[in-house]
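Working notes, structure below.
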Amino acid sequence: MIAEFENLSEDEKEELFSRYSEDKKETRKSYQLPPLPNAERGEVVMRFAPNPNGPPTLGSARGIIVNSEYARMYDGKFILRFDDTDPRTKRPLLEAYDWYLEDCEWLNARPDEIVYASKRIGMYYDYAVRLIEMSHAYVCRCPRDEFKRYRDAGMACPHRNRSAEENLEDWEKMLGGEYAEGEAVLRIKTDMSHRDPAVRDWVAFRIIFSDHPLVGDEYVVYPTLDFESAIEDHVLGVTHILRGKDLADSEKRQRYIYQYFGWDYPVVRHWGRVKIHEFGKLSTSEIRKKIEEGVYAGWDDPRLPTIKALRRRGFEAEAIRKFFLSLGVGENDVSVSLKNLYAENRKIVDEKAERYFFVWSPVRIEIEGMEAVEDIELPLHPSRNIGTRKLRGERVVYITRDDYESFKGREVRLKGFCNVKIQENGKAVYLGDEIEEARKGRNIIHWLPESQAVRCEVLTPDGKVEGFAESNVRGAVNSVVQFERYAFCRVEEVERGVRAVYTHP
RNA sequence: GCUCCGGUGGUGUAGCCCGGCCAAUCAUACGGGACUCUCGAUCCCGUGACCCGGGUUCAAAUCCCGGCCGGAGCACCA
């Protein structure tokens, strides 16, 4: 059987291997999302609705991936909707709109439709008017604190029972800029004795005298998320809503609107909070501040949990997808290590990453007793036949300080080159080239010839690591390579020295 | 405090709706071994969990009650 296999041509072997690994992938790939209740093939409409006040982060990725995955599962539609209706407290960033588009695309979740809430404020006004006319909404002129007292007491405020005409009039005044910020809001009538105070007559529109990055100073009355989202989900025909449980109460509020208009509320499911060990709690606004302070170099700083940063680090979209699909859509909070993402990514990247040497904290070593310079060829990949790279076996080489310290006085194999005995004084004694001479085990180390060592810095999540890389990496710009015995890294710059970004071990 | 929601190995997850086939799935992590001119990959093997207490039942991870723990919301933020 084995002999039979050996007799096959390389191509045939390749084919067998790939067929075998394909099968394995298929079974392993089963991060199946649970079925959606009430979902019909071709009818499902999902949406992801971020506020673009910064670039998408790992947190956003979950929303993008899970929603788009369900849309795909049911052959449905995936909508990207910008809930950008607060130009002050959660002010959108103009560039961020495009960042979301880019990252969705990159995550293999291209939206079938894109909606900008701020461009549809006029439409929300129409629905507001209808609610006022039906006496399901009213303009409330209570100061915030005063209303809070009514709410806590479960009592109607003085404005609650005014006529539709009066309310319409006040509404017009709001729109006309006759009221200052805080002087009037439009509230949806719910139930002042609702057991959950958060549901009692919630605010649908408020006055904000601030220009909006996308629509300028066209409006002074902006809808709140609950109103905007309620209307949009219906207008867009959203069938299923999947989002974080921080928005769980929204459903209770929004249902009133659906009831007043006689609409059906979409199926809602919430997932718990995700905490990633490696990234502390970083809010978008905190990151923004630290970028401005110069703590981070930008939104794609490798230390950040933004999609931009992960992409720069060389993560594959598919790995990120699998990572989130593996978390499922449970309502319990998860606290997960990035190691899981690393593992997913490694599976993809290992078979295509070219291998190179990177010597961090280099120590210069002179090899004594070596006869002549040798030309050495090393494979670009340990198991796949994708070519070789050339190194010169010279008398002067660099090895890392770690190896120097731990192998001092002992024999090691310079991978692909020769065996030496490391001396205490920064020198080494040549022992021969034969691999057989080298002890099997953990004594094969990587190295670099002085003449082919180029300065290299690696940006890691914990800071910068400096050393030398072999000049051959110049051919690997913009790709993920494995610096042997170090980590996978994405090479992003090769002029004037090499700069790479750490992906993962 | 009030209102919701959750608690399966170190971590994440399946199972829970419709009790038995669950001495509980898969992944990751960890430990051991094989292979390898990388500390990567691959291949074996192994460790390890149903929050606690009652109840219902012939039978409970699954149903009910109570407790404990955790989270979210209680904004003119999203």
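This one's a predicted model, so the numbers in the text were calculated from it and none came from an experiment.
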Can you list the residues that meet the salt bridge (charged side-chain N to carboxylate O under 4.0 Å, His left out) rule with A/Lys415, with sequence neighbours excluded? A/Glu484

Please identify each residue that fulfils side chain to side chain contact (heavy atoms under 4.5 Å, CB included) with A/Ser337, with sequence neighbours left out. A/His277, A/Glu278, A/Lys339, A/Asn340

Whole angstroms only, please: what is the NZ-C1' distance between A/Lys322 and B/A27? 12 Å

Nearest-Å distance once atom P is located in both B/C30 and B/A72: 29 Å

To the nearest Å, give me how far apart CD (A/Glu278) and C1' (B/U11) are. 11 Å

Taking B/C58 as the reference, what is the distance to B/U11 when you measure between their P atoms (whole Å, please)? 37 Å

Mark yes or no for a side-chain to base donor-acceptor pair under 3.5 Å between A/Gln482 and B/U38, with no hydrogen or angle criteria applied. yes

May I ask you to decide whether A/Arg384 forms a salt bridge with A/Asp350, counting only side-chain N to carboxylate O separations under 4.0 Å? no

A/Arg200 CZ to B/G73 P: how many Å, rounded? 19 Å

Would you please name every residue forming a salt bridge (charged side-chain N to carboxylate O under 4.0 Å, His left out) with A/Asp233, sequence neighbours left out? A/Arg47, A/Arg81

Below 3.5 Å between N/O atoms, which protein atoms pair up with nucleotides 65-69 of chain B? Just atom names and distances, please.
none

Could you list the donor-acceptor pairs under 3.5 angstrom formed between side-chain atoms of residues 140-159 of chain A and any protein atom two or more places apart in sequence or on another chain?
{"unit_1": "A/Arg141", "atom_1": "NE", "unit_2": "A/Glu183", "atom_2": "O", "d": "3.3"}
{"unit_1": "A/Arg141", "atom_1": "NH1", "unit_2": "A/Tyr179", "atom_2": "OH", "d": "3.4"}
{"unit_1": "A/His159", "atom_1": "ND1", "unit_2": "A/Arg141", "atom_2": "N", "d": "3.4"}

Distance in angstrom units between A/Phe488 CZ and B/A41 C1', rounded: 8 Å

Establish, from distance only, whether the side-chain atoms of A/Tyr222 and A/Glu228 form a donor-acceptor pair under 3.5 Å. no

I want to confirm an ordering. Mapping A/Val334 and A/Leu378 to their closest nucleotides on RNA chain B, which one lands closer to the 5' end? A/Val334

Residues in salt bridge (charged side-chain N to carboxylate O under 4.0 Å, His left out) contact with A/Asp191, at least two apart in sequence or another chain: none

Nucleotide B/U36, atom P - distance to CG of A/Asp350 in whole Å: 17 Å

If the P atom of B/C45 is compared with that of B/C26, how far apart are they to the nearest Å? 12 Å

Rounding to the closest angstrom, what is the interatomic distance between B/G31 and B/G10 at atom C1'? 13 Å

Between the protein and nucleotides 75-78 of chain B, which nitrogen or oxygen pairs are less than 3.5 angstrom apart?
{"unit_1": "B/A75", "atom_1": "OP2", "unit_2": "A/Arg151", "atom_2": "NH2", "d": "3.0"}
{"unit_1": "B/A75", "atom_1": "O5'", "unit_2": "A/Arg151", "atom_2": "NH1", "d": "3.3"}
{"unit_1": "B/C76", "atom_1": "N4", "unit_2": "A/Arg144", "atom_2": "N", "d": "3.4"}
{"unit_1": "B/C76", "atom_1": "N4", "unit_2": "A/Gly182", "atom_2": "O", "d": "3.0"}
{"unit_1": "B/C77", "atom_1": "OP1", "unit_2": "A/Arg206", "atom_2": "NE", "d": "3.3"}
{"unit_1": "B/C77", "atom_1": "OP2", "unit_2": "A/Arg206", "atom_2": "NE", "d": "2.2"}
{"unit_1": "B/C77", "atom_1": "OP2", "unit_2": "A/Arg206", "atom_2": "NH2", "d": "2.5"}
{"unit_1": "B/C77", "atom_1": "O3'", "unit_2": "A/Asp86", "atom_2": "OD2", "d": "3.3"}
{"unit_1": "B/C77", "atom_1": "O3'", "unit_2": "A/Arg206", "atom_2": "NH2", "d": "3.0"}
{"unit_1": "B/C77", "atom_1": "O2", "unit_2": "A/Lys90", "atom_2": "NZ", "d": "2.2"}
{"unit_1": "B/A78", "atom_1": "OP1", "unit_2": "A/Thr85", "atom_2": "OG1", "d": "3.3"}
{"unit_1": "B/A78", "atom_1": "OP1", "unit_2": "A/Arg206", "atom_2": "NH2", "d": "2.8"}
{"unit_1": "B/A78", "atom_1": "OP2", "unit_2": "A/Leu225", "atom_2": "N", "d": "2.9"}
{"unit_1": "B/A78", "atom_1": "O3'", "unit_2": "A/Asp83", "atom_2": "O", "d": "2.7"}

Sugar-phosphate means primed atoms, P, OP1 and OP2; the rest is base. With that split, encode nucleotides 1-7 of chain B 5' to 3' as B, S or - using protein heavy atoms under 4.0 Å. --SSSSS

Helical stems, RNA chain B - three or more consecutive Watson-Crick or G-U wobble pairs below 3.5 Å: B:1-7 with B:68-74, B:10-12 with B:26-28, B:30-34 with B:42-46, B:51-55 with B:63-67

Aromatic centroids of A/Trp447 and A/Phe417 separated by under 6.0 Å: yes

Regarding the side chain of A/Ser335, the nearest nucleotide among B/A29, B/G12, B/U38 is B/G12

Using the rule ring pair (Phe, Tyr, Trp, His ring centres under 6.0 Å), only one of A/Phe315, A/Phe323, A/Phe483 pairs with A/His504; which is it? A/Phe315

Interatomic distance where CG belongs to A/Asp402 and P belongs to B/U38 [whole Å]: 18 Å

If I pick the C1' atom on B/G20 and the same atom on B/G66, what distance separates them, to the nearest angstrom? 27 Å

Closest-nucleotide mapping onto RNA chain B: is A/His381 or A/Ala343 further toward the 5' terminus? I mean the 5' end. A/Ala343

Tell me what A/Asp403 touches on the nucleic acid: a base, only sugar-phosphate, or nothing, going by heavy atoms under 4.0 Å. base

Pairwise P distance for B/G33 and B/A27, with rounding to whole Å: 22 Å

Rounded distance (Å) that lies between atom C1' of B/U38 and atom CZ of A/Arg413: 13 Å

With a cut-off of 3.5 Å and sequence neighbours excluded, list every side-chain donor-acceptor pair involving residues 90-97 of chain A.
{"unit_1": "A/Arg91", "atom_1": "NE", "unit_2": "A/Pro87", "atom_2": "O", "d": "2.9"}
{"unit_1": "A/Arg91", "atom_1": "NH2", "unit_2": "A/Asp211", "atom_2": "O", "d": "2.6"}
{"unit_1": "A/Arg91", "atom_1": "NH2", "unit_2": "A/Asp211", "atom_2": "OD1", "d": "2.9"}
{"unit_1": "A/Tyr97", "atom_1": "OH", "unit_2": "A/Asp84", "atom_2": "OD2", "d": "2.5"}

Residue of the set A/Phe358, A/Tyr356, A/Phe357 for which ring pair (Phe, Tyr, Trp, His ring centres under 6.0 Å) holds with A/Tyr486: A/Phe358

Among B/G40, B/C37, B/U28, which nucleotide has an atom closest to any side-chain atom of A/Ile444? B/C37

Spacing of A/Arg355 atom CZ relative to B/G40 atom P, expressed in whole Å: 11 Å

Between A/Lys390 and A/Asp375, is there a side-chain N and carboxylate O pair less than 4.0 Å apart? no

Taking 4.0 angstrom as the limit, do A/Asp226 and A/Arg253 come out as a salt bridge? yes

Using the P atoms only, state how far B/G46 lies from B/C51, rounded to an integer number of Å. 26 Å

If we take the C1' atom in both B/U25 and B/U13, what is their distance in whole Å? 9 Å

What donor-acceptor contacts under 3.5 angstrom involve side-chain atoms of residues 400-408 of chain A, with partners at least two apart or in another chain?
{"unit_1": "A/Thr400", "atom_1": "OG1", "unit_2": "A/Asp402", "atom_2": "N", "d": "3.4"}
{"unit_1": "A/Thr400", "atom_1": "OG1", "unit_2": "A/Asp403", "atom_2": "N", "d": "3.2"}
{"unit_1": "A/Arg401", "atom_1": "NH1", "unit_2": "A/Glu405", "atom_2": "OE2", "d": "3.4"}
{"unit_1": "A/Asp402", "atom_1": "OD2", "unit_2": "A/Trp360", "atom_2": "NE1", "d": "3.0"}
{"unit_1": "A/Asp403", "atom_1": "OD1", "unit_2": "A/Arg485", "atom_2": "NH2", "d": "3.1"}
{"unit_1": "A/Asp403", "atom_1": "OD2", "unit_2": "A/Arg485", "atom_2": "NH2", "d": "2.2"}
{"unit_1": "A/Tyr404", "atom_1": "OH", "unit_2": "A/Glu424", "atom_2": "O", "d": "2.7"}
{"unit_1": "A/Tyr404", "atom_1": "OH", "unit_2": "A/Gly426", "atom_2": "N", "d": "3.2"}
{"unit_1": "A/Glu405", "atom_1": "OE1", "unit_2": "A/Lys408", "atom_2": "NZ", "d": "3.2"}
{"unit_1": "A/Ser406", "atom_1": "OG", "unit_2": "A/Asp402", "atom_2": "O", "d": "2.9"}

For A/Arg88, what residues pass the salt bridge (charged side-chain N to carboxylate O under 4.0 Å, His left out) criterion, not counting sequence neighbours? A/Glu181

